[in-house]
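One-based numbering, in listed order, for ligands and for the atoms of each. The figures here come from the full heavy-atom set of this structure, side chains too, leaving out hydrogens, waters and symmetry mates. All values derive from a computational prediction rather than experimental measurement.
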Amino acid sequence: MDAPERDPVAGVQAAVLRQLDLSTPSVARMYDYYLGGKDNFEVDRECADEVLRRAPLVPVVAQANRDFLRRAVRYLARECGIRQFLDIGTGLPTQDNVHQVAQRVDPRVRVVYVDNDPLVLIHAQALLANNPNTLALAGDLRQPWRILDDPHVRGVIDFREPVAVLLCGILHFIPDHDDPYGIVATLVHAMAPGSYLVVSHAERHRDLTPATGAYDRASSPVVLRSLVEIAGFLNGLEWVEPGVVYLPLWRPDRPMPTDRLRVPAYGGVGRKP
Ligand SMILES: C[S@@+](CC[C@H](N)C(=O)[O-])C[C@H]1O[C@@H](n2cnc3c(N)ncnc32)[C@H](O)[C@@H]1O
């Protein structure tokens, strides 16, 4: 009798699960908790609850960020004809993930998800198992050249064609000493003219600053930045209207209660000329 075939995906997932660090709060799983997800553990909830005690607005920011990401992806696929997306700092799957939003516009849209959290990858690979135009792989934004040179990424994304690179809710996990502006410049340099960069980032604001200390014991510290600093990530690009604004103000698709408009986080989209 033939030996039973081993499932390579299950093998990889088991290996990744063994690497899961359950003693350190994960910023990906904390974000999942803010969004009402179930993919988080006691260690994450305990740290996230401390954040929420100090900054009760955080779930509103998280939801506004997700909504911004969805609107930006839909805009790029529908209005700008973008057919390939590189989403770095993917997060755990929730409603309306990037490939679902973009492939509703055109099922041929290709998406690569990159994250440095093992649980994100397990979930993304499971979600994408039957989707031939998508890929989820481990990578670190602090090493952008490794993402750009990865043969698996290059197998899906053709950098000679316009691409949208998504850096949503991730740059505030890159401290200045890791050179976030240099990282963005490396990515932009690799993008063809007509490509887009999408950035969202939490603001250095009195409603959020009391909570930053809690992140010091999480998988990544958090660095809040000012509007000028956040807009600086889109330097050299043509800003898509309305520019870099509070997240709910970026091309809203429905009326918003006014108390939900001033969310202390900015988003913007830039086009490479
Ligand atoms: C707040 S979530 C944002 C998820 C999604 N982009 C969104 O906007 O809804 C941040 C994600 O970035 C990932 N992340 C943080 N630092 C990273 C790094 N240096 N490289 C790759 N991913 C990172 C985390 O694991 C997490 O999944």
Ligand 1 N/O to protein N/O, distances under 3.5 Å:
residue, atom, partner, partner atom, Å
ligand 1, 6 (N), Gly89, O, 2.6
ligand 1, 6 (N), Cys168, O, 2.8
ligand 1, 8 (O), Asn65, ND2, 2.7
ligand 1, 8 (O), Cys168, O, 3.2
ligand 1, 9 (O), Tyr31, OH, 2.6
ligand 1, 9 (O), Arg66, NH1, 2.8
ligand 1, 19 (N), Asp140, OD1, 2.9
ligand 1, 20 (N), Leu141, N, 2.9
ligand 1, 22 (N), Asn116, N, 3.4
ligand 1, 22 (N), Asn116, OD1, 3.4
ligand 1, 25 (O), Asp115, OD1, 2.6
ligand 1, 27 (O), Gly91, N, 3.2
ligand 1, 27 (O), Asp115, OD1, 3.4
ligand 1, 27 (O), Asp115, OD2, 2.7

Using only atom types and a distance under 3.5 Å, with no angle test, would you say the side chain of Asp32 pairs donor to acceptor with the backbone of Asp39? yes

Closer than 4.0 angstrom, basic N to acidic O: yes or no for Glu50 and Arg53? no

Begin with the C-alpha distance, continue with both residues' side-chain angles, and end with the deciding distance and a verdict on side chain to side chain donor-acceptor pair (under 3.5 Å) for Asn133 and Arg110. CA-CA 5 Å; Asn133 294 333; Arg110 303 186 303 285; over 6 Å; no

Any side-chain heavy atom of Pro242 sitting closer than 4.5 Å to one from Arg251? yes

Tell me if the aromatic rings of His99 and Phe85 count as close, with their centers under 6.0 Å from one another. no

Would you please classify the geometry between the Tyr75 ring and the Trp250 ring as parallel, tilted or perpendicular, with 30° and 60° separating the classes? perpendicular

